[in-house]
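To start, the structure itself, in structure tokens.
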Amino acid sequence: MKKEQTLIIIKPDALQRSLMGEIINRFERKGLKIVGMKMVQLEDVLLDEHYCHHKGKPFFESLKKFMKSAPVVVLVLSGINAVKATRLIVGATKGYEADAGTIRGDLSISGQANIVHASDSSENAEGEIKRFFKLDELFEYKKIDYEFVYGEEEREENF
Ligand code: CMP
């Protein structure tokens, strides 16, 4: 059990389908704390870096085209085991395989237009957060529901 931060990208399909509020609401209801959030238009340089492990795959160029087709909203979420907790809420990569109850399972039926990106490990989250956010775009604040979201042993200052 550890305090973590993770990066979420709300993709162009979610923006076009007016699903952004619904998605953010699901993360908030879980108890995850939003410590960074902004809208950005993605460009090739950043996408080449972010999706470098997919370079050479048949869908790479269409993935980039899709990710540039409208602005995205990027968030940094904080909480206990935030990477795993967030991946569970997001669901499997392909919407048509994702469990009902997950964001992708409920809102997507595509392998590419799958609504959100979520960091897949603590190490990757650190790199992805640095890729998308400057230090002064991340916020430290105390949330008033903190003592009810966590048990006594789980709490620490400024969590
Ligand atoms: P994401 O979690 O952002 O990580 C890589 C992205 O590539 C993935 O979500 C999908 O949007 C996309 N993707 C993965 N597999 C495929 C595929 N087979 N065809 C098209 N797009 C894909």
Side-chain angles (χ1 to χ4, degrees), residues 1-139 149:
M1 199 167 64
K2 59 176 175 176
K3 177 186 167 182
E4 277 179 336
Q5 292 190 341
T6 190
L7 181 94
I8 299 293
I9 306 173
I10 304 183
K11 298 185 179 185
D13 53 330
L15 177 145
Q16 296 293 1
R17 295 175 56 207
S18 309
L19 293 172
M20 288 197 296
E22 154 104 30
I23 294 158
I24 294 168
N25 187 236
R26 287 183 183 217
F27 292 131
E28 284 189 302
R29 279 181 359 217
K30 178 72 173 173
L32 289 154
K33 181 173 161 184
I34 299 171
V35 297
M37 181 161 76
K38 63 181 179 180
M39 182 179 261
V40 287
Q41 174 61 53
L42 297 180
E43 309 282 358
D44 280 326
V45 175
L46 193 143
L47 283 167
D48 282 338
E49 192 182 315
H50 183 68
Y51 285 130
C52 61
H53 49 294
H54 292 302
K55 200 169 164 58
K57 292 185 184 167
F59 61 83
F60 183 65
E61 289 305 324
S62 80
L63 172 62
K64 287 205 311 177
K65 190 173 167 194
F66 162 60
M67 292 299 288
K68 290 188 289 184
S69 65
V72 299
V73 169
V74 280
L75 297 101
V76 177
L77 302 176
S78 168
I80 285 180
N81 289 350
V83 172
K84 186 173 180 201
T86 302
R87 299 273 295 181
L88 287 172
I89 296 174
V90 166
T93 299
K94 295 174 172 51
Y96 50 82
E97 291 174 355
D99 288 336
T102 64
I103 289 172
R104 289 169 173 161
D106 289 350
L107 306 174
S108 159
I109 195 160
S110 166
Q112 179 172 87
N114 61 355
I115 308 280
V116 286
H117 165 83
S119 306
D120 63 5
S121 69
S122 203
E123 300 69 44
N124 286 344
E126 272 183 40
E128 291 179 357
I129 291 166
K130 283 190 190 129
R131 180 173 303 141
F132 285 90
F133 284 87
K134 299 186 195 123
L135 267 183
D136 65 1
E137 293 174 325
L138 298 172
F139 296 86
V149 169

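We count ligands from 1, going down the list as the structure has it; atoms in each ligand are counted the same way. This chain uses plain numbering: 1 for the first residue, then up along the sequence.
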- prompt: Which of the atoms in ligand 1, numbered in the order shown and given with their element, are less than 4.0 Å from a heavy-atom of His54?
  reply: 5 (C)
statement: Atoms of ligand 1 under 4.0 Å from any heavy atom of His117, numbered from 1 in the order shown, are 1 (P), 2 (O), 3 (O)
- prompt: If you measure from each non-hydrogen atom of Lys57 to ligand 1, which part falls under 4.0 Å: side chain, backbone, both or neither?
  reply: neither
- request: Check Tyr51 against ligand 1 and report side chain, backbone, both or neither, counting heavy atoms closer than 4.0 Å.
  value: side chain
message: Determine whether a donor-acceptor pair (N or O, by modelled atom type, separation under 3.5 Å) exists between the side chain of Glu137 and the backbone of Lys134.
response: yes
query: Side chain of Asn114, backbone of Lys94: donor and acceptor closer than 3.5 Å?
result: no
Nearest protein heavy atom with distance in Å, relative to [atom]:
atom: atom 17 (C) of ligand 1; answer: Phe59 CD2, 3.4 Å
atom: atom 8 (C) of ligand 1; answer: Asn114 ND2, 3.6 Å
atom: atom 10 (C) of ligand 1; answer: Gly111 O, 3.3 Å
atom: atom 7 (O) of ligand 1; answer: Leu63 CD2, 3.3 Å
atom: atom 2 (O) of ligand 1; answer: Arg104 NH2, 3.2 Å

- request: Look at ligand 1 and say whether Lys11 reaches it with a heavy atom at a distance under 4.0 Å.
  value: yes
message: As a test of understanding, state which of His54, His53, Glu61 forms a side chain to side chain donor-acceptor pair (under 3.5 Å) with Lys57.
response: His54
- request: Find the distance between CD1 (Ile80) and NZ (Lys3) and round it off to the nearest 0.5 Å.
  value: 10.5 Å
query: Would Lys64 count as a cation-pi partner of Tyr51, with NZ or CZ less than 6.0 Å from the six-membered ring centre and within 45° of the ring normal?
result: no
- request: Identify the heavy atoms of Gln112 and Ser62 that sit nearest to each other, and give their distance.
  value: NE2-OG, 3.0 Å
- prompt: Which pairs with one or both residues in residues 81-125 pass ring pair (Phe, Tyr, Trp, His ring centres under 6.0 Å), sequence neighbours excluded?
  reply: His50-His117
